[in-house]
Undergrad: 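Can you keep this structure in mind? I'll have questions shortly.
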Amino acid sequence: MKETYNFNQIESIVQKKWKTNNTFAANIDTSKPKYYCLSMLPYPSGNLHMGHVRNYSIGDAVSRYKKLKGFNVLQPMGWDAFGLPAENAAINKKVHPQDWTEENIEHMKHQLNSLGFGYDWNKEINTSDQSYYKFEQELFLKFYEKGLAYRKKSLVNWDPVDKTVLANEQVIDGKGWRTGADVELKEIETWFLKITDYADELEEGLENIDWPENVKNMQKNWIGKSKGTEIEFETDKNFTLKAFTTRPDTIHGVTFFGISPNHPIVKELMQDDVGIEDFIEETKQISSAEADQAKADKVGYKTNLNIIHPISKQKINVWIINYVLMDYGTGAIMGVPGHDERDFEFAKKYDIAIKRVIDSEAELPFSGSGPLVNSEDLNGLMPDEAFDKISNILAESNDAKILYQYRLRDWGISRQRYWGCPIPMEYKDGEARPASTLPVLLPVNKDGTYEPLHQNESFRYPEPGIERETDTFDTFMESSWYFARYMSAQNNKKVFDENTNYWLPVDLYIGGVEHAILHLLYSRFFFKVLRDLGLVEGDEPFKKLLTQGMVLKDGAKMSKSKGNTVDPKEYIENYGADSIRTFMIFASPPEQSLEWSDNGLEGCHKFLKRLWALSYRIKSLKDEDFGESKDILIDECKDLFIKINDDYDKRLNLNTVVSSCMEILNNINKKFTAKGIEASKEDLMTVYDFLLVALSPIAPHITENLYQEVLGKELQEAKWPDKKFFEKNESEIKYLIQVNGKVRANIMIDSALSEEEVKQLSKEHENVSRHLENKDIIKVIFIKNKLINFVHS
RNA sequence: GGGGAUGUGGUGGAACUGGCAGACACGCUGGAUUUAGGUUCCAGUGCCGUAAGGCGUGGGGGUUCGACUCCCUCCAUCCCUACCA
């Protein structure tokens with residue numbers, strides 16, 4: 001054993017050993033409970049960034065801990081390899097996206113290995129590989145057969161110079177990012193998945209999963225289920241208009257009626273009102289030029305159409321209003337300015353009557369609850385009572401029904417790009433049908449070049465009369481099911497085999513909170529469909545979710561544009577993987593953001609150096625160097641053992657695992673005094689052994705090396721200590737003695753003593769008696785095994 | 001506008017169910033080793049006070065024997081989302 005900590009050498013030796021021994025290969029083993037620990041797979045952009053390092057350090061720590069606890073652990077890794085950056089790089093560097101991607105994967109895989117993450121690489125997947133995406137095409141066709149995939153017109157961003165569709169992030173200030181041309185909205189046919197069919201289940205399922213409350217809330221709000229009444233209003237023309245409202249109880253407060261500029265009825269109204277067209281043009285300009293701006297002014301146009309109020313039978317003006325959205329509800333609203341903020345603002349602007357129908361002290365607009373007023377039969381009722389009553393009344397006279405509306409829209413999955421999974425459909429006489437041969441591979445020219453699918457004639461028209469779909473899938477498709485594919489990654493015949501249901505569901509999923517809505521919602525939806533197709537078992541894919549915080553530098557998110565990125569590479573070289581991993585875990589709790597600090601990393605590195613120095617010292621000790629004192633060191637560390645156990649198991653507060661390990665190290669070091677070692681050999685070795693085991697999930701290289709060097713044992717064979725190890729010796733209890741709530745002493749008291757004896761002993765304590773002198777004790781709070789509080793006047 | 005998170009020393013952060021506030025680190029100060037720097041080791045380090053003691057967890061109020069923790073209210077910062085009837 002060398003005297004100095006040579007991390008480079010140790011880490012490469014240990015990593016080689018893992019590779020040779022296939023240490024992280026995961027296979028079905030019914031003798032152990034299984035644990036599937038998954039970290040979100042990266043996009044192969046070329047380099048790992050600190051966010052990845054943090055994410056994967058947490059995942060690896062949990063995986064290794066679970067292995068020590070006797071679980072059969074699966075920790076896979078793969079590449080979310082389709083996407084826009086590959087195409088941009090292809091253009092800039094004149095290489096094929098596939099070559100660029102593969103090169104990046106190779107490099108990043110090397111980086112992951114140099115950090116010592118224990119992945120089962122036998123199960124690696126690359127979503128841009130046909131062995132992966134061919135199954136995606138099969139799955140899509142199953143969705144299609146089930147009626148869950150359909151085609152519909154939708155608006156896309158069109159760059160008129162490049163003649164291409166742009167993603168939202170490629171539109172900057174309404175202009176194409178490459179050409180700078182004004183982006184136009186164009187309507188084209190695109191594919192959708194009917195996620196809305198699962199809206200209710202997606203919402204209800206949230207109750208059964210162990211996810212952070214904020215993420216569940218975000219999904220719940222995104223689904224946006226709301227109960228309301230759809231009411232059909234008669235007009236003074238020969239048709240009716242439907243409006244959806246969550247507050248039918250305020251029906252007597254209706255003073256205007258609003259329809260969306262995109263409402264189908266608008267075209268008819270235009271025929272005898274020339275002003276409408278100008279107004280529509282105006283609103284379009286506002287919405288496109290200021291699409292990104294949060295608040296467009298509320299504007300409206302008063303038509304000569306009226307609805308008939310279903311109760312009062314009065315005529316009420318119909319307005320075309322820009323804040324009424326066509327794709328929510330029926331595209332029409334009943335305007336209740338007294339009790340809706342938007343309607344209030346609108347009514348003020350156009351001088352429309354504002355009527356109070358809910359009594360309260362609050363000023364209008366008031367959207368809360370209170371007894372109804374000015375509402376005829378409904379007066380005195382509370383809103384929810386009135387909701388039912390009026391809905392029933394309206395159901396008889398007008399066509400009204402109670403129903404639920406969702407904010408959630410169907411998922412548009414078409415992308416007009418090359419580097420994605422081709423949508424396996426074709427068209428004959430304009431009719432869509434599944435592609436006649438599968439898989440539909442991405443075409444690559446012989447010279448290694450490529451062109452967009454719609455420009456590739458031989459791809460687009462494989463035979464006369466047949467036109468292939470030239471769109472590719474949204475890359476969220478690949479990430480919606482990859483977690484179920486890892487375990488059968490080598491199976492080229494079946495998408496999911498017996499391994500799939502052995503390992504699923506994912507026991508712990510770790511990733512950034514930025515995926516809280518889309519990726520995590522799409523994955524849940526996909527999983528439920530796969531279940532209904534009989535392909536997987538269970539209702540939810542991710543049992544527990546951990547959303548790790550961002551890595552910040554100088555208080556800001558790291559980004560190239562800010563120039564505050566920190567490249568993991570140089571730090572791995574200068575400090576080693578174990579130091580970086582330890583810092584990533586130590587610097588803050590997993591869910592919170594982490595402030596990068598060179599000094600902090602240095603501190604962790606010093607900790608590992610001290611661990612090495614101690615180990616070197618221990619190794620050179622002889623039996624006679626040890627002292628006699630039994631149990632003292634173990635007693636001193638007991639609370640730390642318990643804390644580490646809890647932190648790993650219950651709370652996932654890994655940062656305090658590290659600090660507890662530091663304390664254990666400090667405790668051991670203190671036993672080396674000028675007079676000799678103040679601990680027995682057995683005690684010291686017990687504590688040292690646990691220190692290595694406890695730290696090994698976080699800093700696996702140094703601990704594995706020391707376990708072998710100093711203790712002569714293999715860490716891979718080590719087990720987490722059993723319950724007994726974490727039990728406290730309770731013959732003496734530390735009591736906290738307070739006077740008027742202030743701590744004045746703490747003393748060790750024999751746990752066999754009675755309450756009275758304990759009180760007496762406490763009162764006698766010098767510092768306590770001093771504070772009780774000449775005072776009348778009014779009350780004594782006694783909490784067994786914890787504290788006594790003497791309360792005086 | 002809506003939803004959520006956070007607020008504790010000079011800094012990152014501890015304090016699990018109300019019970020020793022500031023663990024563990026960083027930084028800083030002093031000392032030892034060193035020709036010097038770095039490394040390493042030792043000591044100190046919330047604020048006021050010589051001390052006893054007092055004050056302190058964004059501000060104000062409350063519940064309690066006791067509040068960083070629970071309740072009310074206000075403020076600040078960050079994130080997500082957005083005219084969803």
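Below, chains carry the letters A, B, ... as their sequence lines are ordered, and counting in each starts from 1.
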Undergrad: It should be established whether A:R651 places a side-chain nitrogen or oxygen under 4.0 Å from OP1 or OP2 of nucleotide B:rA15.
TA: yes
Undergrad: Roughly how far apart, to the nearest Å, are B:rG49 and B:rG12 at atom P?
TA: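 Each nucleotide's P atom is 26 Å from the other's.
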Undergrad: How close or far is atom P of B:rU40 from atom CZ of A:F672, stated in whole angstroms?
TA: 19 Å
Undergrad: Using a cut-off of 4.0 Å on non-hydrogen atoms, how would the nucleic acid contact of A:S660 be classed: base, sugar-phosphate, or nothing?
TA: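 Contact class for A:S660: none.
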Undergrad: Pairing check on B:rU40: which nucleotide meets the Watson-Crick or G-U wobble criteria with it, both distances under 3.5 Å?
TA: B:rA32
Undergrad: Taking the nucleotide of RNA chain B with the nearest heavy atom to each, does A:K643 or A:I781 sit closer to the 5' end?
TA: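 Nearer the 5' end of the strand: A:K643.
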Undergrad: For B:rC26 versus B:rU81, give the span between their P atoms, rounded off to a whole number of Å.
TA: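 To the nearest whole Å, 38 Å.
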Undergrad: For this output row, return yes or no: ring centroids of A:W411 and A:Y522 closer than 6.0 angstrom.
TA: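 Aromatic pair counts; centres sit under 6.0 Å.
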Undergrad: Go ahead and name the base partner of B:rC65; Watson-Crick or wobble counts if both distances stay under 3.5 Å, otherwise write none.
TA: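 Pairing partner: B:rG19.
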Undergrad: How far does the P atom of B:rG30 sit from the matching atom of B:rG38, given to the nearest Å?
TA: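 That atom pair is separated by 13 Å.
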Undergrad: Return whichever of A:T246 or A:M662 has its heavy-atom-nearest nucleotide of RNA chain B closer to the 5' end.
TA: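 Its nearest nucleotide lies further toward 5', so the answer is A:M662.
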Undergrad: Once hydrogens and angles are ignored, does a donor-acceptor distance under 3.5 Å link the base of B:rG19 to the side chain of A:Q738?
TA: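 Checked by distance alone, the answer is yes.
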Undergrad: Does any nucleotide pair with B:rU45 by Watson-Crick or G-U wobble geometry, both distances under 3.5 Å, and what is it?
TA: B:rG27
Undergrad: Does the structure show a Watson-Crick or G-U wobble partner for B:rA82, both distances under 3.5 Å? Name it, or say none.
TA: none
Undergrad: Rounded off to whole Å, could you give me the CG-to-P distance for the A:N6 and B:rU39 pair?
TA: 19 Å
Undergrad: With a 4.0 Å cut-off on heavy atoms, is A:F607 in touch with a base, just the backbone sugar-phosphate, or nothing at all?
TA: nothing
Undergrad: What I want to check is whether the side chains of A:Y328 and A:S260 have a donor and an acceptor closer together than 3.5 Å.
TA: no
Undergrad: May I ask which nucleotide in the shown strands pairs with B:rU77, Watson-Crick or G-U wobble, both distances under 3.5 Å?
TA: B:rA5
Undergrad: Looking for any heavy atom pair under 4.0 Å, which part of the strands does A:N655 touch: base, sugar-phosphate only, or nothing?
TA: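 Sugar-phosphate contact only.
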Undergrad: Could you measure between the two C1' atoms, the one in B:rA25 and the one in B:rU35, and give it in whole Å?
TA: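 So the two C1' atoms sit 33 Å from each other.
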Undergrad: With distance as the sole criterion, do the side chain of A:K298 and the base of B:rC83 form a donor-acceptor contact below 3.5 Å?
TA: yes
